[in-house]
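Step one of this worksheet: look at the structure below.
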Amino acid sequence: MADTDKAVDPIPDSLEKFEVTAQLREENYIDEIYEIIDAAVPRTDDPSLPASTVRVWLLGLFFGILMCAINTIFTFRTNQFNLNPFIAVLLAYPCGIFMAKVLPAGLLNPGPFNYKEHALIYVMVSCMAATPYALYNIVGQKYQLYQNDLSLISSIAFAIVTQCFGYGFAGLTRRYLVRPAAMLWPANLGTIAMLNSLHGRDEGTGTRYRMSRFKFFWLATSAMFFYQMLPSYIAPMLGALSIICWFTNNKKDNTVYLAMGSSAPTAGMGFMSFTLDWSIVTYANPIIYPLWATVNQVFGYWLFLWVVVPLCWYTGAFYNDRSIGAEAPYNFALNTPGTYNRNGKFIKNTKFVMRNPENPSSLILNQTFYDENKPILITTFFAMEYACSFVVFVASLVHVGLWYGKDIWQRFRATMSNLDKEDIHAKLMDAYPDVPDWWYMAVLAVNMVVGIVVCQWGGFDLPWWGTILAVALALVSIIPIGTIQAVSGQQIGLNVMSEFLIGLLIPGRISAVMAFKTLSYMSMNQGLFLVGDMKLGHYLKLPPKAMFMAQLIPTVVGTFISTAVAAFMYESFGKKEVPVSSTYPAGFVWLLQELPATSGWSSNNYKVFMNAGAIWGAIGPARFFGPDSPYFKTLLGFGIGLVLPVIFWGLHKLQPNSFWHMINIPVIFVFPLQAGGQRSDLITPLLVALVVNYYVKKYRNTWWKKYAYVMSAAFDVGSGLMVLILFFATQFNPEYHTPFPAWFMNSGDAERCLPDAKITCNEHDTMGNAYGFKYLPEQDPTCNL
């Protein structure tokens with residue numbers, strides 16, 4: 001009996017040891033989370049500070065409306081540019097101080113302008129500065145498809161529904177995505193650091209670093225402001241230091257070298273290409289996001305863009321991949337979302353779409369053109385982007401179920417229990433009355449009714465069940481995808497999966513496909529955007545009811561402004577009479593969409609949205625990803641997404657002290673880098689993250705706690721201001737560009753990947769069309785060959 005007892009004893013000891021180890025690892029993880037939070041968020045609160053004041057609403061709506069209108073106009077640019085809400089926050093700060101000094105005490109002036117008021121202004125401006133995704137849907141149908149019966153009232157109602165569905169989801173998921181300390185939402189930390197700097201909170205005394213955050217913020221902002229003129233104007237080569245190109249640009253048969261080393265849009269994968277342009281680096285938020293998330297993300301980029309994509313391209317894994325873009329400047333095309341015929345020649349998506357002769361408002365596949373050019377091809381990069389989106393969608397559900405499922409289930413069963421009693425920020429927030437759940441449910445109910453009516457009978461061609469399905473898809477996805485975003489800062493979109501699903505269910509109905517995509521994508525995206533703002537309010541102890549109103553009202557107002565401004569842009573440019581045809585059923589063409597890309601106002605983002613609708617709605621996923629398609633194999637992504645998270649979760653269970661818990665499959669496979677961007681952004685963000693969030697954090701921890709997030713916010717503001725000024729000063733007027741004179745670091749090809757002779761001719765073209773002059777190639781014998 002004794003021997004039997006001894007033989008059995010190690011089993012429960014082993015299990016107990018495993019449980020203790022897992023518990024210690026979880027405690028260490030929470031400690032690391034608090035260390036990150038404490039670097040930016042004070043563990044104190046003053047509930048007596050006023051938040052939702054008259055001056056907050058005056059300043060918030062004023063700057064919000066201004067930025068909303070400007071950003072809506074910018075959506076028509078060839079390269080879209082957005083004003084960052086940080087700019088309005090900076091402008092609002094002296095205004096708030098001034099109002100506190102000159103307005104009479106009382107309702108208009110409850111006391112000194114405080115950080116809670118400032119934070120609410122930021123929330124209001126950020127809600128209005130983000131233009132509605134529905135604009136692309138509305139403009140595409142009403143102006144690009146000439147659906148003249150789509151009324152402005154239906155358009156505004158559709159935009160409001162897509163923007164406000166997220167409020168219901170945000171409110172109902174706040175207990176899972178906001179209150180837990182593990183739900184970090186790292187993107188907020190830079191904003192908090194900036195607000196703390198402006199208001200001088202939590203400075204501490206007697207430390208080694210005596211410079212205030214406020215002073216450091218303005219010094220760092222000024223330094224980045226002046227530096228940004230170099231990569232943005234004087235020396236654009238700093239934005240793309242493509243080393244491989246320097247040694248191979250004049251070689252013959254250098255296609256493979258350029259495919260790897262070039263980083264320009266339509267060109268290559270940016271291998272060994274660095275950037276010293278903060279406006280390019282900042283997309284990755286390398287200082288704000290946790291180091292593990294940045295490492296996962298960059299490793300994914302390197303794996304796919306430097307290994308998988310080049311191998312697939314070189315071996316012709318999908319079709320004759322190397323023939324795609326043979327007529328392009330680089331003699332190939334990789335980094336582009338364009339479409340090509342079977343011979344690799346670029347074609348516009350609209351060419352294989354035609355109007356239904358029986359119903360001019362309906363767009364259908366031009367079967368003759370499609371048969372003559374099929375299969376329609378896309379670049380290897382773009383194909384892998386689709387494959388990875390399939391992996392990420394499934395992997396995010398599996399990953400969150402394995403790692404966070406138990407906690408989510410417990411919260412679902414006991415949402416009112418005090419599960420966050422050990423979290424100091426949750427304790428401090430308990431001092432404020434919470435928003436009743438029925439407020440959010442009412443928002444959901446109203447939007448569901450309006451959404452069904454508008455989508456089915458308002459001109460968007462989406463049946464009632466399609467609206468319900470779109471909302472259900474967003475609801476199922478918001479917690480797992482929101483968890484990924486909360487811990488890593490990386491959001492996973494539903495746009496591809498929604499197009500895939502509705503394209504199978506309603507093939508050939510482009511308006512329905514676009515409406516479904518907009519509704520499902522924005523319901524989740526806007527919901528998570530609002531959840532992120534709720535976490536900001538949680539950190540800064542903003543009253544929940546004030547946050548609710550500061551989010552909802554500006555969003556509705558901003559939707560009205562954006563839709564009206566977008567319509568005004570088309571109407572103000574006017575139209576030209578043309579013969580009535582299936583292409584122009586209204587008998588006219590809008591002049592705005594006839595502007596060339598060189599004008600700077602080609603409405604590129606609207607055209608891309610319409611092209612995607614044409615591919616998924618006209619060709620349809622059954623053709624584009626079917627068994628006879630070159631891209632059928634991308635569907636393996638669904639299986640990969642199902643299996644890989646289980647493997648690494650199992651390895652963690654077997655070796656709980658190892659690093660397996662830091663491998664996040666959705667973050668590795670996600671592709672926030674869309675085809676067509678500057679690919680010199682794959683190395684520098686990791687270097688910044690390693691320097692700041694490893695070396696400085698480890699060896700200069702006091703400095704890191706005080707200044708790291710402040711520096712990130714300051715760099716964003718400084719670079720953003722300079723980019724904005726340069727845009728208006730040198731590019732805004734397409735008839736009078738004022739480029740910096742050409743020199744080695746401002747050449748006809750910023751990264752110098754093209755042959756020297758071609759670079760020289762590009763310089764002649766650029767400078768010849770500058771300062772109001774017109775370049776005549778026939779008068780340039782050197783280049784007119």
What verdict does the side chain to side chain contact (heavy atoms under 4.5 Å, CB included) test give for L103 and V54, after you've listed the backbone C-alpha separation in whole Å, the side-chain angles of each residue and the deciding distance to 0.1 Å? CA-CA 11 Å; L103 292 179; V54 173; over 6 Å; no
Establish, from distance only, whether the side-chain atoms of S719 and S279 form a donor-acceptor pair under 3.5 Å. no
Pair Q163-T555, side-chain donor/acceptor within less than 3.5 Å: no
Side-chain heavy-atom pair L721, M224 within 4.5 angstrom cut-off: no
Short N-O contact, D430 and K541, less than 4.0 angstrom: no
Quick one: pull up CG in L428 and NE2 in H538 and give me the separation to the nearest 0.5 Å. 8.5 Å
For D533, does its backbone N or O pair with a side-chain atom of N188 as donor and acceptor, under 3.5 Å? no
Within the side chain of N693, is there an N or O that forms a donor-acceptor pair under 3.5 Å with the backbone of I287? yes
Is the backbone N or O of R55 less than 3.5 Å from a side-chain atom of E117, with the two atoms forming a donor-acceptor pair by type? no
Any side-chain donor paired with an acceptor under 3.5 Å for D46 and Y115? no
Backbone N/O of T131 and side chain of N71: donor-acceptor pair under 3.5 Å: no
Measure the acute angle between the ring planes of Y699 and Y695, then classify it against the limits of 30° and 60° as parallel, tilted or perpendicular. tilted
Exercise: identify the closest heavy-atom pair between Y539 and L184: OH-O, 2.6 Å
Check whether any side-chain heavy atom of I192 lies under 4.5 Å from a side-chain heavy atom of L536, and answer yes or no. yes
Could you measure the distance from the SG atom of C127 to the CG atom of L530? Nearest 0.5 Å is fine. 6.0 Å
Considering all heavy atoms, the nearest G482-L528 contact: CA-CD2, 3.5 Å
Between W703 (side chain) and A708 (backbone), is there a donor-acceptor pair under 3.5 Å? no
Decide, yes or no, whether a salt bridge links D437 with R175 under the criterion of side-chain N to carboxylate O below 4.0 Å. yes
Are K545 and D434 within salt-bridge range, i.e. N to O under 4.0 Å? no
Evaluate the criterion side-chain hydrogen bond (donor to acceptor under 3.5 Å, both in side chains) for residue pair D716 and T282; output intermediate values, then yes/no. CA-CA 7 Å; D716 286 348; T282 190; 2.6 Å; yes
Do the side chains of P286 and V281 get nearer than 4.5 Å, heavy atoms only? yes
Note: L58 and M99 closest approach over all heavy atoms is CD1-CE, 4.2 Å
Between the main-chain N or O of L49 and the side-chain N or O of N114, is there a donor-acceptor pair closer than 3.5 Å? no
Do the side chain of S126 and the main chain of V123 share a donor and acceptor less than 3.5 angstrom apart? yes
Identify the heavy atoms of H425 and V41 that sit nearest to each other, and give their distance. CE1-CG1, 3.4 Å
Here the gap from K517 atom NZ to L519 atom CG, rounded to the nearest 0.5 Å, amounts to 13.0 Å
Which class fits the ring pair Y133 and Y521: parallel under 30°, tilted 30 to 60°, perpendicular over 60°? tilted
Heavy-atom side-chain contact between Y167 and Q551 under 4.5 Å: yes
Hey, what do you get for OG1 (T173) to CD1 (I478), rounding to the nearest 0.5 Å? 4.5 Å
Check whether any side-chain heavy atom of M448 sits under 4.5 Å from a side-chain heavy atom of V161, and report yes or no. no
Point-to-point distance, once rounded to the nearest 0.5 Å, from CD1 of I121 to CZ of F63: 8.0 Å
Would you confirm whether K706, through its side chain, and M211, through its main-chain N or O, come within 3.5 Å as a donor-acceptor pair? yes
Atom CE in M534, atom CZ in F548: separation rounded to 0.5 Å? 8.0 Å
Between F169 and S523 the two heavy atoms that sit nearest each other are CD1-O, 3.7 Å
Could you tell me if the side chain of C95 sits less than 4.5 Å from the side chain of F113, heavy atoms only? no
Please tell me if the side chains of L135 and T563 come closer than 4.5 Å, counting only heavy atoms from C-beta onward. yes
Check whether any side-chain heavy atom of P50 lies under 4.5 Å from a side-chain heavy atom of T53, and answer yes or no. yes
Test side chain to side chain contact (heavy atoms under 4.5 Å, CB included) on L540 and K116 and set out the steps. CA-CA 7 Å; L540 294 177; K116 292 192 178 185; 5.7 Å; no
Once you measure the plane-to-plane angle for Y93 and H118, does it fall in the parallel (<30°), tilted (30-60°) or perpendicular (>60°) bin? parallel
Looking only at heavy atoms, the pair that brings S520 and S498 closest together is OG-CB, 2.9 Å
Test W185 against V531 for side chain to side chain contact (heavy atoms under 4.5 Å, CB included), laying out the working first. CA-CA 9 Å; W185 293 96; V531 167; 3.3 Å; yes
N447/T162 under side chain to side chain contact (heavy atoms under 4.5 Å, CB included): CA gap, chis, key distance, verdict: CA-CA 8 Å; N447 278 278; T162 60; over 6 Å; no
With L61 via side chain to side chain contact (heavy atoms under 4.5 Å, CB included) - residues at least two apart: W57, M124, M128
